Amino acid sequence: MTALPRRLLPDTADVGSDGWLTIGGCSIRDLAAEFGTPLFVYDEQHIRNRCREAVAAFGPQQAVYASKAFLCKAMARIAYEEEMRLDVATGGELHTVLAAGVPAASCVLHGNNKSVAELTTAITERVRHIVVDSFDELDRLDALHEIGVGPTPDILLRITPGVHAHTHEFIATGQDDSKFGFNLGNGDAMRAVERAQASPSVNLVGLHCHIGSNVFAAASFGKAVEVMAGFARPLGLPELVLGGGLGVAYVETEEAPTLTQWGHVLRDACESLGVTARVSVEPGRSIVASAALTVYTLGTIKQIPGVRTYFSVDGGMSDNPRPVLYGSGYESFLPRAPFADRTQHGRLVGKHCESGDVLLFDAKLPGDARVGDVLATPVTGAYGRSMGSNYNAITRPPVVFARDGDARLVIRRETFDDLLATDVG
Ligand SMILES: *Cc1c(COP(=O)(O)O)cnc(C)c1O
């Protein structure tokens, strides 16, 4: 079997009478014609389904969408409408979420090096929680309190539990050698708790941990809960946040737990360990990754006999840097024949001026793939648009939310003038 597995496509994926893939009742053929390529197409119902699944598993306001996975005003509103909170890690993410009309009381501020300006905004806008990451940040909060910046914020302390998540080292965050959080093993975590509890500048309401991203092994989460529960229980704080990091299947050989299964693992672990705190989680990738596909046009096919075939599309590392950064794998297909056998192998590359600009190291495509074809890569809804760049002065692609036959443009394509908007010379 070389056809694209159906499970890698968004929930509402279907095939129209002309054989083309449809998402949210909209034909990819029409969307490519109307909005041009490259284009991100999100299945809005799929996003809502995942938000609802997270809320059903953990409770309203106890599933916090990690906005760095994919953020724009429309996305922030959906997460809020679906009764999630929003996790932001910078002033820019907070600004976007507030601009969307999400109340600050639904926002949680993260970051291992928050600036005085970011902390000031978080305090004066009254975000729900600031997740404090270091002793230097506690110093900054003391200094703000001393000059009268208030009200006194409710904080969580980010704890590094010393659990190794089996994921790429750049996105593993729970081990001892980490820039994030207060180490449990060397006593920093306890020192931070004592300092925060004695401090008039913060209200310590709970603890936080995040062991890493794209974690497939449910056992890693169980282990983190065990370590955190042991530390948290005697403190009796009301909140415990167990982070995000649930993996998703990007390629046909991968299987990931569902949000519902993740919920069972965490809830069972908390119950058996006697956790009485209110438990929250922060899923990002598992909410949006498989909601979207990136739609490109195939422009150049270069066959090098005995070596390989290069398929070049009109985007690349500027709309999806994950293959270059982490060696991440994806699938490819032709939306005009979504479940055709993919009998040809080659390397799917972008249009940037470097050989490292690879989208799929080993792409499979139908044998009749030709120049001018619309080509798509599924499961590109997380950390693609948000990690994208303007490298080579490429204008970043638009984002369309498709739902019930309606295609809503939520981010327009950048223009060449947008590229010059910050030039002052
Ligand atoms: C990135 C991040 C998340 C989300 O991780 P995913 O792998 O996208 O689910 C949650 N919490 C924190 C603190 C993060 O940094």
Side-chain angles (χ1 to χ4, degrees), residues 47 50-51 53-54 57-58 62-71 75 79 84-90 92-94 97 107-114 118 122 127-134 137 155-161 163 165-175 178-182 206-218 220-221 224-225 228 239-250 254 256-259 261-263 265-266 279-292 322 325-326 328 379-387:
I47 301 175
R50 293 294 88 72
C51 293
E53 191 181 347
F58 296 98
Q62 282 165 270
V64 187
Y65 173 60
S67 67
K68 72 178 188 288
F70 167 64
L71 182 61
M75 180 62 220
M84 294 182 81
R85 284 189 182 146
L86 282 99
D87 148 357
V88 296
T90 63
E93 286 177 354
L94 179 59
V97 168
C107 298
V108 178
L109 180 67
H110 276 280
N112 67 300
N113 187 22
K114 302 176 193 76
E118 286 168 334
V127 301
R128 183 80 191 183
H129 297 135
I130 297 174
V131 184
V132 174
D133 210 286
S134 68
E137 188 177 340
I155 68 158
L156 309 178
L157 293 176
R158 179 163 177 165
I159 308 298
T160 313
V163 172
H166 296 280
T167 185
H168 192 285
E169 73 170 296
F170 291 178
I171 49 177
T173 53
Q175 71 282 15
S178 170
K179 73 168 181 170
F180 293 105
F182 298 97
L207 301 176
H208 172 281
C209 76
H210 172 67
I211 59 168
S213 272
N214 207 24
V215 178
F216 288 93
S220 295
F221 291 112
V225 180
M228 287 298 289
E239 303 271 351
L240 178 62
V241 183
L242 296 171
L246 178 64
V248 303
Y250 285 94
E254 286 174 337
T258 62
L259 285 155
Q261 290 164 337
W262 188 44
V265 169
L266 293 187
V279 172
S280 307
V281 290
E282 301 168 327
R285 185 189 315 267
S286 51
I287 300 291
V288 288
S290 51
R322 295 187 68 254
L325 283 173
Y326 316 121
S328 312
V379 203
T380 52
Y383 304 107
R385 168 81 205 182
S386 67
M387 292 181 98

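Start at 1 and go down the list; that is how both ligands and their atoms are numbered. Just so it is clear, the values below take in all heavy atoms, side chains as well, and ignore hydrogens, waters and symmetry mates. In this chain, residues are counted from 1 in sequence order. Predicted model, so just to flag it, every value in this text is computed and none were measured.
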Side chain, backbone, both or neither: H210 near ligand 1, heavy atoms under 4.0 Å: side chain
Element-labelled atoms of ligand 1 that are located less than 4.0 Å from some non-hydrogen atom of A66: 3 (C), 4 (C), 10 (C)
Any donor-acceptor pair under 3.5 Å from S386 side chain to A69 backbone: yes
Atom 7 (O) of ligand 1: the protein heavy-atom neighbour that sits closest, reported with distance to 0.1 Å: S213 OG, 2.7 Å
Row check, F180 ring normal vs R158 NZ/CZ: under 6.0 Å, within 45°: yes
Per-residue contact class, V131 against ligand 1 - non-hydrogen pairs under 4.0 Å: neither
Donor-acceptor pair between Y250 and R285 side chains, under 3.5 angstrom: yes
Polar atom proximity, E282 to ligand 1 (N or O, under 3.5 Å): yes
For E254 against A249, the heavy-atom pair lying closest together: O-CB, 3.4 Å
Criterion ring-ring contact (aromatic ring centres under 6.0 Å, His included) on H208 and H110, from CA distance to verdict: CA-CA 10 Å; H208 172 281; H110 276 280; 4.6 Å; yes
Any N or O of G245 closer than 3.5 Å to N or O of ligand 1: yes
Y383 N/O under 3.5 Å from ligand 1 N/O: yes
Donor-acceptor under 3.5 Å (K114 side chain, V131 main chain): yes
For D87, the ligand 1 atoms whose distance to one of its heavy atoms is below 4.0 Å: 10 (C), 11 (N), 12 (C)
Per-atom contacts of ligand 1 with R158, taking only distances under 4.0 Å to non-hydrogen atoms: 13 (C)
CA sep, side-chain torsions, deciding dist, call: V241, V64, side-chain contact (heavy atoms from CB on, under 4.5 Å): CA-CA 9 Å; V241 183; V64 187; 5.7 Å; no
Ligand-residue contact atoms, ligand 1 with G284, heavy atoms, under 4.0 Å: 4 (C), 6 (P), 8 (O), 9 (O)
Donor-acceptor contact present, side-chain D133 to main-chain G181, <3.5 Å: yes
Any N or O of A69 closer than 3.5 Å to N or O of ligand 1: no
Approximate separation, where rounding is to 0.5 Å, of E239 CD and L207 CG: 10.5 Å
For ligand 1, the portion of H110 having any non-hydrogen atom under 4.0 Å away: side chain
Atoms in ligand 1 with a heavy atom of K68 nearer than 4.0 Å: 1 (C), 2 (C), 3 (C), 4 (C), 14 (C), 15 (O)
